[in-house]
Amino acid sequence: MKDTEEEILALGIESTAHTFGVSVASSKRGILTDSKRTYVPQLGKGIHPREAAQHHASVVAEVLEEALTLEGERIEKIDAVGFSRGPGLGPCLRTGATVARTIAKYRSLPLIPIHHAIGHIEIAARTSKLEDPLVILVSGGHTCITAFSGGKWRIFGETEDITLGNLLDMFAREIGLSSPGGPAIEELAKKGQRFVNLPYIQKGNDVSYSGLLTAAKRTINKEAIEDICYSIQEVAFSALVEASERTLSHTEKKEVLLVGGVAANRRLREMLAKMSEEHGASFSSASDRYSGDCGAQISWTTILAYRSGVAIGYEESQVIPKWRIDDVPIPWR
Ligand code: ATP
């Protein structure tokens, strides 16, 4: 391994769900390149895992080419290859892992297994400069409130059923919008003028969104779509903010970091920022550029993991579709 003072270049490969992304990160210069292509499901449908994996396989060459040449960085200079080992859709994960293993083996480079959600946290933490935040991770695959303690990210609260991203995407599909529907719901919600009563379910530090989805679907054709979208956001986000507030009080953290695809939502950012301010905590959010799935979350976390000696043998590098965040030891924090 290189001396910690020397520049390290890591290649990161992301392929957990809809996005195939490749990025090159430098330990000294940050994210150098970040290329991606996204699979879009048929209108009205969710992600079909095999179709998404086929999409990823079909774009590997062009995405790799872009990521490795954009800033003149060549594969010969790479020190380590990281990949999303999980959690995610098996066929998609296997496509990315195969590409990573092939490059690592071909160039005799260390292979670094990265937990996708930890990638979301580290890429956001890098730009936010927060050191020990309470993290609110919200996406299509996750809805949890987590904080670092005893060498691992511990879960303090989570959804009891569907994720916040699922709620928005499933409702969007119901009203004929393509997936992912979060951005379109946010736009419609801005035009909402009337609050539609929907079930607010918040238990302890957990939230539950499936009852809210069912109730919201029942209001279609009875209420204005803009009002329903506005109300879904208000109810779903309030429940999450309440759970986060309880955890913030309990953990006595002084920083709050919002990460994952739903972190792009301005209303959610605004609500969490206000709650943090009321508790004297600093608030930051993943940038728009890196809130959703991307190679950069993997390349940057690969640098951190590689510097701490994390690596895996090619033969034992099977993907883990249901990898829990609190199962991953973090030697770099
Ligand atoms: P994970 O990263 O946990 O595997 P994922 O594969 O769904 O989940 P992300 O790109 O992190 O990937 O998150 C996508 C989710 O973010 C989708 O549910 C999408 O609707 C949601 N999303 C994106 N932009 C917005 C927005 N502006 N408002 C609300 N939700 C959004």
Side-chain angles (χ1 to χ4, degrees), residues 7-41 47 49 51-85 88-89 91-114 116 119-120 122-124 126-127 139-140 178-180 183 259-261 263-264 286-306 317 319:
E7 179 176 44
I8 295 160
L9 287 189
L11 184 74
I13 298 176
E14 159 56 29
S15 71
T16 51
H18 44 73
T19 297
F20 181 79
V22 181
S23 161
V24 177
S26 150
S27 56
K28 293 202 185 296
R29 292 176 287 151
I31 306 302
L32 301 181
T33 66
D34 185 41
S35 299
K36 62 177 165 183
R37 299 286 185 281
T38 302
Y39 155 85
V40 181
I47 299 180
E51 274 180 18
Q54 282 165 353
H55 162 269
H56 296 351
S58 72
V59 299
V60 167
E62 64 194 64
V63 179
L64 262 180
E65 174 74 16
E66 266 179 29
L68 284 166
T69 54
L70 268 181
E71 304 241 347
E73 304 299 338
R74 301 295 318 170
I75 197 163
E76 292 77 22
K77 296 185 187 159
I78 301 292
D79 298 298
V81 180
F83 69 106
S84 274
R85 191 181 190 193
L89 304 170
C92 299
L93 287 169
R94 282 190 283 277
T95 304
T98 304
V99 175
R101 270 183 224 118
T102 308
I103 297 172
K105 212 164 178 177
Y106 176 60
R107 299 285 315 158
S108 301
L109 292 172
L111 184 63
I112 320 291
I114 301 296
H116 173 78
H120 274 305
E122 294 297 356
I123 189 76
R126 176 182 171 267
T127 41
S139 60
S178 66
S179 248
V259 312
S287 64
D288 287 345
R289 189 163 179 191
Y290 300 129
S291 58
D293 292 356
C294 58
Q297 69 189 95
I298 306 304
S299 63
W300 179 248
T301 313
T302 298
I303 299 248
L304 304 175
Y306 170 72
S317 60
V319 300

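Hydrogens, waters and symmetry mates play no part in the numbers below; they use all other heavy atoms, side chains included.
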Might you point out which heavy atoms bring A80 and I112 nearest each other, and give the distance in Å? CB-CG1, 4.1 Å
Roughly how far, to the nearest 0.5 Å, is the CZ atom of F20 from the OG atom of S58? 10.0 Å
Exam field: side chain S15 to backbone C92, donor-acceptor pair closer than 3.5 Å: yes
How close do S23 and D34 get, heavy atom to heavy atom, and via which atoms? CB-OD1, 3.6 Å
Distance col, row L111:CG vs L11:CG, nearest 0.5 angstrom, shows 10.5 Å
Hey, could you give me the CD1/CD1 distance between I114 and I13, rounded to the nearest 0.5 Å? 11.5 Å
Any donor-acceptor pair under 3.5 Å linking the side chain of H55 with the backbone of T19? no
Check: A10 main-chain N/O paired with D79 side-chain donor or acceptor under 3.5 Å: no
Could you tell me the separation between the CG atom of L304 and the CZ atom of R126, rounded to the nearest 0.5 Å? 10.0 Å
Partners of H116 by ring pair (Phe, Tyr, Trp, His ring centres under 6.0 Å), sequence neighbours excluded? H120
Pair R37 + E66, salt bridge at N-O below 4.0 Å: yes
Please check this pair: side chain of S299 against backbone of G12, looking for a donor-acceptor N/O pair closer than 3.5 Å. no
Can you list every pair that meets salt bridge (charged side-chain N to carboxylate O under 4.0 Å, His left out) and has a residue in residues 286-300, with sequence neighbours left out? R266-D288, R269-D288
Distance-only donor-acceptor hits, side chain of residues 99-108, under 3.5 Å, sequence neighbours excluded:
unit_1: R101; atom_1: NE; unit_2: S317; atom_2: OG; d: 2.6
unit_1: R101; atom_1: NH2; unit_2: S317; atom_2: O; d: 3.0
unit_1: T102; atom_1: OG1; unit_2: T98; atom_2: O; d: 2.5

For a quick test of reading the model, state the closest non-hydrogen atom pair linking G82 to T302 and the distance between them. CA-OG1, 3.3 Å
Looking only at heavy atoms, which two atoms of A25 and I31 are closest? And how far apart? CB-CD1, 4.0 Å
What one should report as the nearest heavy-atom pair of L93 and S84 is CD2-O, 3.4 Å
Would you name the heavy atoms of S26 and W300 that are closest together and state the gap between them? O-CZ3, 3.5 Å
Look up atom NZ in K36 and atom SG in C294, then write down how far apart they are to the nearest 0.5 Å. 5.5 Å
Find the distance between CD1 (I8) and OH (Y306) and round it off to the nearest 0.5 Å. 6.0 Å
Main-chain N/O of A286 paired with S291 side-chain donor or acceptor, under 3.5 Å: no
Can you check whether T16's main-chain N or O pairs, donor with acceptor, with E14's side chain at less than 3.5 Å? yes
